[in-house]
Amino acid sequence: QVQLVESGGGLVEPGGSLRLSCGISGLVFSRSTMSWYRQAPGKERELVAAISSDITGKTYSDSVKGRFTISRDYATNTVYLQMNSLKPEDTAIYYCKGSERFGLRRDYWGQGTQVTVSS
């Protein structure tokens, strides 16, 4: 059974920081690309950041580049999203996604964590 559980969301003022965590079980973590997506009300879900299975490749959306950092810890099967200089437009539900890069190449999603940036 694969399970992805996000945590670390909350309310923060503009310019503040949050660190999101995604704990993974059941997934072949070492052979999976890990990603963070977000979805705001009335908008489509969009890719925020991704990190390859060997951590040599990272991708960021233009809107968060230079402010957000994705990382992964193989010892604890955890992926992180460090978010700095937060803006109101970053407000959304943030989802963790794992993509196995072997066999059937399955995708798995967490339930999401709310991030609200407001004064």
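For clarity, every value in this text was computed on a predicted model and none was experimentally measured.
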Side-chain touch Gln114/Thr91, heavy atoms, less than 4.5 angstrom:
yes
Any side-chain heavy atom of Ser7 sitting closer than 4.5 Å to one from Thr113?
no
Is it the case that Arg45 places NZ or CZ above or below the six-membered ring of Tyr37, under 6.0 angstrom from the centre and within 45 degrees of the axis?
no
For the CD atom on Glu89, are there more than 12 heavy atoms of other groups (residues, nucleotides or ligands in this structure) within a distance under 6.0 Å?
yes
Strictly under 6.0 Å, is that where the ring centroids of Tyr60 and Phe68 end up?
no
Taking side chain as C-beta onward, heavy atoms only, is Val117 less than 4.5 Å from Lys87?
no
Short side-chain donor-acceptor distance under 3.5 Å, Ser61 and Ser63
yes
In plain terms, say whether Asp62 and Lys65 are close enough for a salt bridge, that is, a side-chain N and a carboxylate O under 4.0 Å apart.
yes
Atom NZ in Lys97, atom CH2 in Trp36: separation rounded to 0.5 Å?
13.5 Å
Between the CZ atom in Arg38 and the CD1 atom in Ile93, the distance rounded to the nearest 0.5 Å is 13.0 Å
Do Thr78 and Asp73 have a side chain donor and acceptor closer than 3.5 Å?
no
Side-chain contact test, heavy atoms from C-beta onward, threshold under 4.5 Å: evaluate it for Arg72 versus Met34 and give yes or no.
yes
Check: Ser119 and Pro14 side chains under 4.5 Å, non-hydrogen atoms
yes
